[in-house]
Amino acid sequence: MDDDEQEWVLVGGGGDAMIRECIIGYNNNEEEEEEEEEEDSSNLKLIFDGPANYFTDAIPIGNGRLGAMVWGGVASETLQLNEDTLWTGIPGDYTNPNAPQALQLVRKLVDQGNYPQATTQAETLSATASAVYQLVGDLKLDFDDSHLNYAQQTYLRQLHLETATATVKYSVGDVQFTRHHFASNPDQVIVTKLSASKPASLSFTVSLDSKLNHKLEVSAKNQIILKGTCSGNDTVQGIHFSAILQIQISSGRGSVSVVDENKLKVQLCDWAILCLVVSSSFHTPFTLDSKKDATSECLNVMKSIEKFSYSELYARHLDDYQNLFHRVYLQLSKSENIRPIKKQISSTAERVKSFQIDEDPSMVELLFQYGRYLLISSSRPGTQVSNLQGIWNEKVWPAWDGAPHLNINLQMNYWPSLSCNLKECQEPLFDFTSSLSLNGSKTAKVNYEANGWVAHQVTDIWAKTSPDRGQAVWAFWPMGGAWLCTHLWEHYTYTMDRVFLENKAYPLLEGCSKFLLDWLIEGPGGYLQTNPSTSPEHMFIAPDGKPASVSYSTTMDISIIKEVFNETISAAQVLGKSNDDLILKVLNAQSKLPPTRIARDGSIMEWAKDFEDPDPHHRHVSHLFGLFPGHTITVEKTPDLCKAAEYTLYKRGEEGPGWSTTWKGALWARLHNSEHAYRMVKRLITLVDPAHEADFEGGLYSNLFAAHPPFQIDANFGFPAAVAEMLVQSTVKDLYLLPVLPQDKWPNGCVKGLKARGGVTVNICWKQGGLHEFSIWSKEHNSTIQRLHYRGNVVSANISARRVYTFNHNLKCVKTSTLTQLPSF
């Protein structure tokens with residue numbers, strides 16, 4: 001390796017500086033680079049040319065816990081408000097003492113091959129519905145009638161991803177009105193600044209409202225307090241919450257007064273700043289006896305931020321947000337000049353519409369970074385997990401209760417957290433998994449007379465671990481907790497954090513493995529089996545011609561178990577526990593798991609038997625778990641299974657909801673099929689009309705929320721994960737560069753800051769469809785990466801901590817540098 005010693009300085013904060021220091025540039029002309037970067041920055045905006053007509057037209061902002069949807073109305077503005085602990089219900093008992101007897105009957109019917117009757121009987125294993133995610137209410141701003149006559153051509157509503165700020169601008173006569181909205185994580189407040197271009201021109205009335213049971217009061221003539229309650233059960237009240245809105249106006253000009261008892265009227269000021277804080281009585285999933293006073297907590301937060309000016313609040317927000325957002329930079333281009341000249345497009349919706357024709361790579365960049373923005377905005381250390389809608393919800397009864405679903409949706413929400421350099425945003429998932437393990441140990445013991453812990457398909461803030469209500473096809477699936485456990489080992493492989501592995505991950509993997517060992521029973525052919533078993537939400541035709549969903553050892557069940565067992569064994573090796581009794585039992589069981597089978601038609605079998613599939617285009621691709629996100633099917637080690645997986649994807653087709661589209665994109669990426677991976681990218685970027693939705697059509701709304709329909713946020717997270725998989729793939733020993741680059745679509749490009757297994761960060765530059773240069777480094781540990789791969793070329797690597805290694809297109813190391821200023825990531 002050539003050793004051209006240099007210092008490598010990473011600059012935190014602004015994107016331009018970071019790009020200039022960390023990205024391998026295309027041009028030597030700095031002026032061209034500046035123009036490109038400036039243009040790229042402008043591309044990271046969602047732009048609207050009018051107020052929202054639907055929830056999916058509004059702009060989402062959030063700080064992980066608090067969220068708001070900015071509608072951008074002119075004469076009347078609405079911010080729909082959410083707080084992530086507002087749920088119906090109370091802590092529950094997720095056990096069923098009658099389940100063991102019911103389970104034996106279902107197993108007997110399965111053993112007899114009576115799958116339709118087993119399917120019916122399995123409903124006796126079902127439990128109650130999950131709790132329902134709620135909303136705080138609305139912040140409303142009403143202006144005088146002159147605003148009805150605003151100049152429409154002056155209207156602009158936008159979300160700037162670089163700053164996590166929503167802006168609304170318009171003019172009435174010769175006065176321009178501007179509103180800025182952001183949600184601050186460090187100060188736990190939603191901030192709105194309203195201003196006018198001429199003195200004493202800003203007047204409006206502000207109020208709070210809620211669809212939940214609530215009461216309002218005005219305090220000190222500049223505060224509105226909303227106190228509300230979520231529904232509990234028939235005898236116990238649910239979670240209490242409070243929201244406080246406080247107004248500050250320009251000094252020396254303007255006035256604030258109380259009108260209609262609980263509204264505040266602002267008159268003739270230059271500017272006004274609104275600060276909104278929300279708190280609830282929620283404490284833990286296990287108790288409702290909280291001493292938390294939500295109103296007092298809100299007042300304390302409000303008092304803590306009074307010392308900051310608006311500029312200081314905004315600066316603190318930016319520092320916090322950009323520390324996360326600026327870690328990854330992506331630029332894609334069809335042209336060697338990086339960014340082709342484009343016609344001016346009026347709105348993001350128009351860009352989505354035109355994508356099927358122009359395939360503008362900057363639209364891919366925007367959607368990639370939007371997914372990262374939404375994860376930062378809906379999941380931070382100490383918050384709840386990002387649910388089926390992130391944190392944004394307008395309804396008392398949202399679709400599917402807004403509840404996290406463990407058969408793909410919650411997991412997909414966190415797919416980009418590692419590869420896209422947002423590991424902190426995954427912390428709520430691990431905290432939640434710990435809560436599930438506590439309730440799940442009771443469910444495992446009572447329902448299944450098993451050790452360890454279990455969680456099923458649907459859960460909620462109370463860490464529900466019992467089956468869902470209703471039919472077994474969706475209600476009964478005891479692999480949810482096991483799938484979540486695979487995220488624990490993945491976190492270790494990306495971070496090499498042994499303390500995390502020992503203290504957090506391994507105890508959960510251990511408990512999960514204990515349950516799986518007890519759940520597996522002896523089956524035909526000397527194999528262990530799961531019985532009863534379903535493939536999530538999918539039916540089959542039994543040999544007697546009747547529909548059924550319950551059988552034994554579905555491919556997804558066995559694939560997840562293999563993954564968990566492999567990871568538990570690997571974790572034990574790292575921690576020096578390989579001779580523990582549990583590991584010996586896992587090794588023994590592992591050798592008795594059935595193989596992944598290929599059906600008569602050449603596809604991967606979804607069930608243990610080659611049943612007829614009544615819906616070959618079904619939205620779920622559960623039987624391909626072993627390919628992605630699992631690792632038991634790989635191009636290098638299982639080519640026959642990869643061929644079968646490829647045919648399975650052809651057979652499934654491209655139709656499906658947004659999350660199905662992005663999962664298929666990641667699956668095609670693992671197969672190193674750039675054409676079809678890109679087809680999934682293109683398919684998602686299709687505009688959905690909320691007034692004329694079609695079931696399972698997928699696509700994007702005008703605010704780029706992903707559609708099932710209706711809105712379901714998981715595809716927004718699956719998209720950046722799939723794109724990252726197209727650019728970088730890895731094991732703990734191998735790093736694959738540009739394995740699925742669509743050379744004709746993105747022939748030139750640059751990515752900075754992607755993470756890979758082995759604890760490395762990767763920057764890559766490519767030109768004319770081929771690798772140009774790349775650099776890798778490991779912050780704290782010597783990396784486990786041993787080999788670098790690019791288009792069949794393989795070289796050995798030895799990546800030491802705090803060193804940056806730069807390679808050319810032939811995988812030759814041309815520079816090594818010292819990492820002198822460590823980034824926070």
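FYI, side chains are in, hydrogens and waters are out, and symmetry mates aren't considered; it's all heavy atoms of this structure. What you see is a predicted model, and the numbers here were worked out from it, not measured in a lab. Positions are given from 1 along the sequence.
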Student check: side-chain heavy atoms of [X] and [Y] closer than 4.5 Å:
| X | Y | value |
| --- | --- | --- |
| T784 | M496 | yes |
| L375 | S417 | yes |
| E83 | T85 | yes |
| L66 | L276 | no |
| F705 | Q389 | no |
| P720 | V723 | no |
| M479 | L516 | yes |

Would you please say whether a donor-acceptor pair under 3.5 Å links the side chains of [X] and [Y]?
| X | Y | value |
| --- | --- | --- |
| K442 | T95 | no |
| T443 | K445 | no |
| N566 | Q590 | yes |
| S434 | K504 | yes |
| D460 | S130 | no |
| N409 | D714 | yes |
| N63 | S184 | no |
| N531 | R107 | no |

Exercise. Rounded to the nearest 0.5 Å, what separation is found between the CE atom of M412 and the OG1 atom of T662?
Worked result: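 Going from the CE atom of M412 to the OG1 atom of T662 covers 3.5 Å.
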Problem set entry | Value rounded to 0.5 Å, distance of CG in L324 from SG in C425 |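 L324 CG to C425 SG: 5.5 Å, rounded to 0.5 Å.
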Answer yes or no: is there a donor N or O on one side and an acceptor on the other, between the side chain of [X] and the main chain of [Y], under 3.5 Å?
| X | Y | answer |
| --- | --- | --- |
| R757 | T493 | no |
| R316 | D187 | no |
| S730 | A756 | no |
| S379 | S386 | no |
| Q134 | V396 | yes |
| S126 | G470 | yes |
| D557 | S553 | no |
| N300 | S296 | yes |
| S280 | F241 | no |
| N387 | A403 | no |

Problem set entry | Pairs flagged by salt bridge (charged side-chain N to carboxylate O under 4.0 Å, His left out) wherever residues 381-396 is involved - sequence neighbours left out |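 Those involving residues 381-396 do not exist here.
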For this session: Using a strict cut-off of less than 4.0 Å between a Lys/Arg side-chain nitrogen and an Asp/Glu carboxylate oxygen, indicate whether E424 and R327 qualify as a salt bridge.
Result: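 Judged by the 4.0 Å cut-off on N to carboxylate O distance, E424 and R327 do form a salt bridge.
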Determine the interplanar angle of the [X] and [Y] rings, folded into 0 to 90°, and report it as parallel if under 30°, tilted if 30 to 60°, perpendicular if over 60°.
| X | Y | value |
| --- | --- | --- |
| H317 | Y321 | parallel |
| W87 | Y133 | tilted |
| W663 | W415 | perpendicular |
| H491 | F500 | tilted |

Exercise. Checking side chain to side chain donor-acceptor pair (under 3.5 Å) against T554, which of S535, S549, S533 comes through?
Worked result: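 The single option meeting the side chain to side chain donor-acceptor pair (under 3.5 Å) with T554 is S533.
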For this session: Just do the salt bridge (charged side-chain N to carboxylate O under 4.0 Å, His left out) check on D320 and R380 with the steps written out, would you?
Result: CA-CA 11 Å; D320 168 77; R380 293 290 199 97; 2.9 Å; yes
Problem set entry | Non-neighbouring partners of D468 that pass side-chain hydrogen bond (donor to acceptor under 3.5 Å, both in side chains), sequence neighbours left out |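 Residues passing side-chain hydrogen bond (donor to acceptor under 3.5 Å, both in side chains) with D468: none at all.
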Problem set entry | Partner set under side-chain hydrogen bond (donor to acceptor under 3.5 Å, both in side chains) for Q573, not counting sequence neighbours |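 Counting only residues at least two positions away or on another chain, Q573 forms no side-chain hydrogen bond (donor to acceptor under 3.5 Å, both in side chains).
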Problem set entry | Ring centres under 6.0 angstrom apart (W659, F719) |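 Ring centres of F719 and W659 not closer than 6.0 Å.
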Exercise. For the ring pair (Phe, Tyr, Trp, His ring centres under 6.0 Å) test, which of F476, W483, F515 pairs with H456?
Worked result: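 The option that passes is F476.
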Exercise. Given E725 and R670, is the salt bridge (charged side-chain N to carboxylate O under 4.0 Å, His left out) satisfied, shown in steps?
Worked result: CA-CA 7 Å; E725 199 75 17; R670 280 281 172 90; 2.6 Å; yes
